[in-house]
> 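Could you have a look at this structure, given as structure tokens, before my questions?
Note that the structure is a prediction, hence the values are computed from the model and not measured.
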Amino acid sequence: MRSLNARKLGLLSLVTFTALNLNAAPTESNTVKINAAFEFSSIDPSRSGYVFTRMQVLETLLNVDEKGALTAGLASDWEILEQGKRWRLTLRDDVVFHNDTPMTTASVVAALNIAKEKPGAWQGVPVQAIKAVNDHQIDIELTQAYQPLGAILANYASSILAPEAYGQDNVATQLIGTGPFSVYEVNVPHRLVVEKFDQYWGQKAQIEYARYLTGHRAEARVLQARSGQADIVFGLDPAAVPTLKRLPNLEIVRSDLPRTLVVKVNAGQEFLDNVEARQALSYALNRQGIAMAVLRSPESATAQILPPYMSDWYVANSDMSQDLEKANALLAGLGWQKNSDGWLEKEGQLFEIDMITYADRPELTTVATAIQDQWKQVGVKLNVNITNSSAIPAGHADDSLDTALIARNYGSIASPLGTLIKDMGQAKGGDWGTMNWSNSYVQSTLTELLSETDASVFTQKAQRIAQAIYDEKPLIPVAYYVQQTAVNKRLEGFRFDPYERSFFLNELTWVK
């Protein structure tokens, strides 16, 4: 483990690990350079663990395959006992932390007990106790069955760190994990360099070093891919993809993932509190046009928040087509009439609403502009504001938000139930979910599903929830998100994780 120097910068810590052996250092030729849009605000797993699991510094007890099914991680096996109220996990033998100390049941229990007290994935999990059974197994005891627990254990917030990684108040001060890479250098919030860890329990890395660098500007990421300044560039602007595909040094990898572009709607806003108004806005969308012209992926258009492979939550019979006649009829039925300028008006008020979105994902601003134009066709005046993503939860909290265009990740917890209950499990909704939408069946049934162990009953109830969301439009889906990644051809072995848990760096090799 490298030495740690830290100093406070306001509320943000700048943490830097520096190499002691100057003869073994990252160079252009031995380092895989990765560029992505999102920065990390902390080294604590509960806040920014997604970067450290993707870079394979930190690991979790369970993993998730490309279909969302649980697989072994630091736990080689697991079983669910007592009708779901006890989970027993068997730990792998011979796992070593990056500080050369062994992973034990005591260290795993300690890490999970710290994780469950942090805000985020563990909130609401009915944990009674986490304890060691013997030298190889731990038990997680629950007060009631909790169906998404396996997905929680696979979330980055459940990363297993060595006891020495934590300082006062159980905040991580060092990144001492178990992955195939250990930390070489980290500068919050933009830069992380890792080096291969030769004592890793699983498939050992072939590359020596990897560097993660935050790049907010989409055009800058494209230039880095073109020039070779970055070997792997995530989150490309779809408009740049055709040009990049023509470059001989790059491969462009298209990947589907459980993230959806949706319009978050304030169902308590005076123009939007009627189901027919929200349905009219949905009918006014030309989703296939947006998917083809903006996202360059015509098959990604959708009117549902979850993809077909999450079949419990997918309604078989749905309509995503644009129908301006239906939209106009619904709005007229609510008393809206077009004035001489073509805008809808009722009792002296224009149907004028705001939409906020953010530039971290470059396609959002273009899609928002397309929606603005499409809603204009039915007389709705939409004002688009490009701002920071933090404005969305702020607008939700103070009730100032009308609509927002977001890219919602329904796979951050592998079971979508864990996300849905945060997004719409109460009338107020969630920062990135519904807003002021009250459906007592949906809210009560989401809670019931947390402890439902009968698969057929679970599916039946999930289908009714999906139908209610589709019918009442508290969220208006536009398209499934497609990840476009540029990979330099000096690398072999790249694969994309649709649940965005890992970059699989230990599978990469240099082209001879």
> In the structure I gave you, are the side-chain heavy atoms of L446 and L417 within less than 4.5 Å of one another anywhere?
yes
> Tell me whether the guanidinium CZ or amine NZ of R361 lies under 6.0 angstrom from the six-membered ring centre of Y481 and within 45° of its axis.
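Yes, a cation-pi geometry.
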> Do you see a donor-acceptor pair shorter than 3.5 Å between the side chains of N339 and E345?
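E345 and N339 do have a side-chain donor-acceptor pair below 3.5 Å.
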> Do the side chains of N274 and Q279 get nearer than 4.5 Å, heavy atoms only?
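No, too far: nothing below the 4.5 Å cut-off.
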> Taking the six-membered ring of W343 as reference, does the NZ or CZ atom of K381 fall below 6.0 Å from its centre and within a 45° cone about the axis?
yes
> Say whether D312 and T459, considering side chains only, have a donor N or O and an acceptor N or O under 3.5 Å apart.
yes
> Can you confirm whether the side chains of D273 and N266 place a donor and an acceptor under 3.5 Å from each other?
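Side chains of D273 and N266: no pair found under 3.5 Å.
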> Before we go on, tell me: are the rings of F496 and F503 under 6.0 Å apart, centre to centre?
no
> Look at the rings of F458 and W313 and say which category their plane angle falls in: under 30° parallel, 30 to 60° tilted, over 60° perpendicular.
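Judged by the thresholds at 30° and 60°, the geometry between F458 and W313 is perpendicular.
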> Could you tell me if S227 and Q229 have a donor-acceptor pair between their side chains, going purely by distance under 3.5 Å?
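The criterion, which ignores hydrogens and geometry beyond distance, is satisfied for S227 and Q229.
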> Report the C-alpha distance between I353 and Q269 in whole Å, list the side-chain angles of each, state the deciding distance to 0.1 Å, and finish with yes or no for side-chain contact (heavy atoms from CB on, under 4.5 Å).
CA-CA 9 Å; I353 54 177; Q269 203 266 5; 3.9 Å; yes
> If we ignore angles and hydrogens, is there a donor and acceptor under 3.5 Å between the side chains of E117 and N170?
no
> Angle class for the F351/F271 ring planes (parallel below 30°, perpendicular above 60°, tilted otherwise)?
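If you compare the ring of F351 with that of F271, the planes turn out tilted.
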> Going by distance alone, is a donor N or O of one side chain under 3.5 Å from an acceptor N or O of the other, for E472 and W437?
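Per modelled atom types, E472 and W437 side chains form a pair under 3.5 Å.
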> Do R191 and Y212 form a cation-pi contact, if we require the NZ or CZ to be under 6.0 Å from the six-membered ring centre and within 45 degrees of the ring's axis?
no
> Side-chain contact, heavy-atom cut-off 4.5 Å: P45 with Y156?
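A side-chain contact under 4.5 Å is absent here.
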> Would a line drawn from the ring center of F52 to the ring center of F40 be shorter than 6.0 Å?
yes
